[in-house]
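I have placed the structure first, in the form of structure tokens, so that the comments after it can refer back to it.
Keep in mind it's a predicted model, so treat the numbers as computed, not measured.
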Amino acid sequence: MAPHLLHHHLLLLLHLLLLGPLPYVFSVGINYGTLGNNLPSPKKVAQLLQSTLIDKVKIYDTNPDILEAFSNTGIDLIVAVENYHVANISKDVAASDEWFATRVQPFIPATSVVAICVGNEYLTTTEENLDPDALVQAMQNLHAVLLKRGLDRKIKVTTPHSMAVLASSFPPSSSTFATKLLPTMSSIVGFLADTGAPFMVNAYPYFAYRDNPSSVDMEYALLGNSTGVHDPKGYIYHNMLDAQIDAVRSAIDAVGFGNMSVEITVSESGWPSKGEPGDTAATPDNAKTYNTRLIERAQSNKGTPMKPKAKTEIFVFALFNENKKQGDTSERNFGIFNGDGSKVYSVDLSCEFCSNGGALEKMSWTSGRVRGPSVWCVAKPHADEKVLQTVLDFCCGPGGVDCREVYESGDCFEPDKVHAHASYAMNAYYQMHGRNYWNCDFKGTGLVTFSDPSYGTCRYPQQ
């Protein structure tokens, strides 16, 4: 490395280290199911999700087309072992290693896989011949594979549960796991505590309201600021989702892990836009209200009454209506989008400075830019502005890149935002230094994209 480039790298490192750890801004995740015959290709889905605030996607298998499509998008992916395959994974570490080597390994690190879900609602499903012990063993085997490959810190192993693993969910402060599941749940929670993986729960206030409309307040179910439901220990709940999260937390505490750090992730939550005849809750308006509030909740970094500082990651269910999904009408109508890319109802997923910004509103799933050989570097949508300002100062400082376009008279001055200016400067630095992936890191705030971020008269340079 040339001396002047080494000086620049060291200066950037010094600047970023002085700022301390990057504050973590919680992302918004979404579930991407594929039980439909009218859905867009994974490539189109991945390209257009880059123009939204969604930066984590959870799928229900290891579909190679999806894994390939999400490479180099900056979107994290959560993959899954299907319920029917858990028994095979549980046999031994060799079987787990073969599964990982064929299903996941070929796509990383280009595709950012951050978690493996072993099964889905495995312990409470109606599927026959599913051994609870096999679930725990499969999780342990997969973790052993990741440990051996040095990937255990990057990729976590967990399993999503339904609320049915609880004996009861109210009052939240006295909730416990169902008696018959206690041994298994204790083993799972212990595994999650030991490996730093989250406890995943699929939580749906919709079902609670639909099945008990006379005893559940609609606004309480819709995450509205209702008058509040009181727990005997003094906690006041203004929405059902918080109560469900705290019920899970109490159950975790009850099996002896209250003093250990086990984060809770809402792996699924949503509201259908259509249901069976007579289902007055499943409407587009209610779905819009719930998911809008859910997305706001996901971004807010707020805790729950029981643990105000304990942040909860949330995955919206779901991206698409799935017309081939089994079950009643509501099961096929949880999507924000129809298969043709039109919105079922209006929910704001826009991200002002994402690459290809605004594409979700302007482009159909059947059209769009063709990816070419060009590649750019931009700031991540949720990057901390203090870090971005330091990156901007470094890139545009003495011996840095030409930043005249982001000055007041430049074509890229508007919008006059740190995020926009930093994106331009980061890309100029990335292009000048050879477009190596490490040239677009900037302490985790940079994102490599194949979509040209240029807009209006502002042209982002490319090599």
- Task: Please test Phe394 against Phe442 for ring-ring contact (aromatic ring centres under 6.0 Å, His included), starting from the C-alpha separation and ending with a verdict.
- Result: CA-CA 10 Å; Phe394 164 75; Phe442 301 107; 7.5 Å; no
- Item | Rounded distance (nearest 0.5 Å) linking atom CG of Leu49 with atom CD1 of Ile54 | 7.0 Å
- Using modelled atom types only, decide if a donor and an acceptor are shared between the side chain of Thr73 and the backbone of Ile75 within a distance under 3.5 Å. yes
- Query: Between Asn286 and Leu222, is there a donor-acceptor pair closer than 3.5 Å when you use the side chain of the first and the backbone of the second?
  - Reply: no
- Using a strict cut-off of less than 4.0 Å between a Lys/Arg side-chain nitrogen and an Asp/Glu carboxylate oxygen, indicate whether Asp328 and Arg210 qualify as a salt bridge. yes
- Side-chain donor-acceptor pair under 3.5 Å between Asn141 and Gln137, yes or no? yes
- Message: Just by distance, no angles: are the side chains of Lys91 and Ser96 close enough, under 3.5 Å, to form a donor-acceptor pair?
- Response: no
- Are Lys56 and Glu313 within salt-bridge range, i.e. N to O under 4.0 Å? yes
- Would you call Ser90 and Leu135 a side-chain contact if the rule is heavy atoms closer than 4.5 Å? no
- Taking atom types as modelled, find out whether Tyr60 and Asn31 have a side-chain donor-acceptor pair closer than 3.5 angstrom. yes
- Item | Steps toward side chain to side chain donor-acceptor pair (under 3.5 Å) verdict (Ser162, Thr124) | CA-CA 7 Å; Ser162 74; Thr124 52; 2.8 Å; yes
- Message: Go through it in stages, so that I can follow the logic: the residues are Arg149 and Asp97, the test is salt bridge (Lys or Arg N to Asp or Glu O under 4.0 Å), and I'd like the CA-CA distance, side-chain angles, deciding distance and then a yes or no.
- Response: CA-CA 10 Å; Arg149 292 172 177 264; Asp97 190 77; 3.3 Å; yes
- Using a distance-only test with no angle check, is there a side-chain donor-acceptor pair under 3.5 angstrom linking Asn83 and Asn120? no
- Task: For Tyr430 and Val378, indicate whether the former's side chain and the latter's backbone hold a donor-acceptor pair under 3.5 Å.
- Result: no
- Query: Ring centres of Tyr220 and Tyr237 under 6.0 Å apart?
  - Reply: no
- Query: From Ser273 OG over to Lys288 NZ, what is the distance, rounded to the nearest 0.5 angstrom?
  - Reply: 13.0 Å
- For the pair Thr111 (side chain) and Ile108 (backbone), establish whether a donor and an acceptor sit closer than 3.5 Å, ignoring hydrogens and angles. no
- Query: Below 4.0 angstrom, N of the basic side chain to O of the carboxylate: do Glu219 and Arg293 qualify?
  - Reply: yes
- Task: Ignoring hydrogens and angles, tell me if any N or O in the side chain of Ser267 forms a donor-acceptor pair with the backbone of Val201 under 3.5 Å.
- Result: yes
- Begin with the C-alpha distance, continue with both residues' side-chain angles, and end with the deciding distance and a verdict on salt bridge (Lys or Arg N to Asp or Glu O under 4.0 Å) for Glu263 and Arg249. CA-CA 9 Å; Glu263 294 182 357; Arg249 183 169 284 116; over 6 Å; no
- Item | Passing candidate, ring-ring contact (aromatic ring centres under 6.0 Å, His included) with Phe334, options Tyr32, Trp271, Tyr345, Tyr204 | Tyr204
- Task: Indicate the atoms forming the closest heavy-atom contact of Gly335 with Val344, along with that distance.
- Result: O-CG2, 3.5 Å
- Query: How long is the span from the CG atom in Asn321 to the CG atom in Asn333, to the nearest 0.5 Å?
  - Reply: 4.5 Å
- Query: Nearest 0.5 Å, what's the OG-NZ distance between Ser300 and Lys311?
  - Reply: 9.0 Å
- For the pair Asn427 (side chain) and Trp376 (backbone), establish whether a donor and an acceptor sit closer than 3.5 Å, ignoring hydrogens and angles. no
- Task: Could you tell me whether the side chain of Asp279 and the main chain of Ala282 form a donor-acceptor pair under 3.5 Å?
- Result: yes
- Message: Side chains of Thr283 and Asp285: any donor to acceptor distance under 3.5 Å?
- Response: no
- For Glu276, look at atom CD and say whether over 12 heavy atoms of other residues, nucleotides or ligands are found less than 6.0 Å away. yes
- Query: Is the closest side-chain donor-acceptor distance between Ser175 and Ser169 under 3.5 Å?
  - Reply: no
- Heavy atoms of other groups near Lys180 NZ, more than 12 under 6.0 Å: no
- Calculate, to the nearest 0.5 Å, the distance between atoms NZ and CE belonging to Lys380 and Met426 respectively. 9.5 Å
- NE2 of His161 to CG of Asn202, rounded to nearest 0.5 Å, is 9.5 Å
- Between Asp242 and Arg297, is there a side-chain N and carboxylate O pair less than 4.0 Å apart? yes
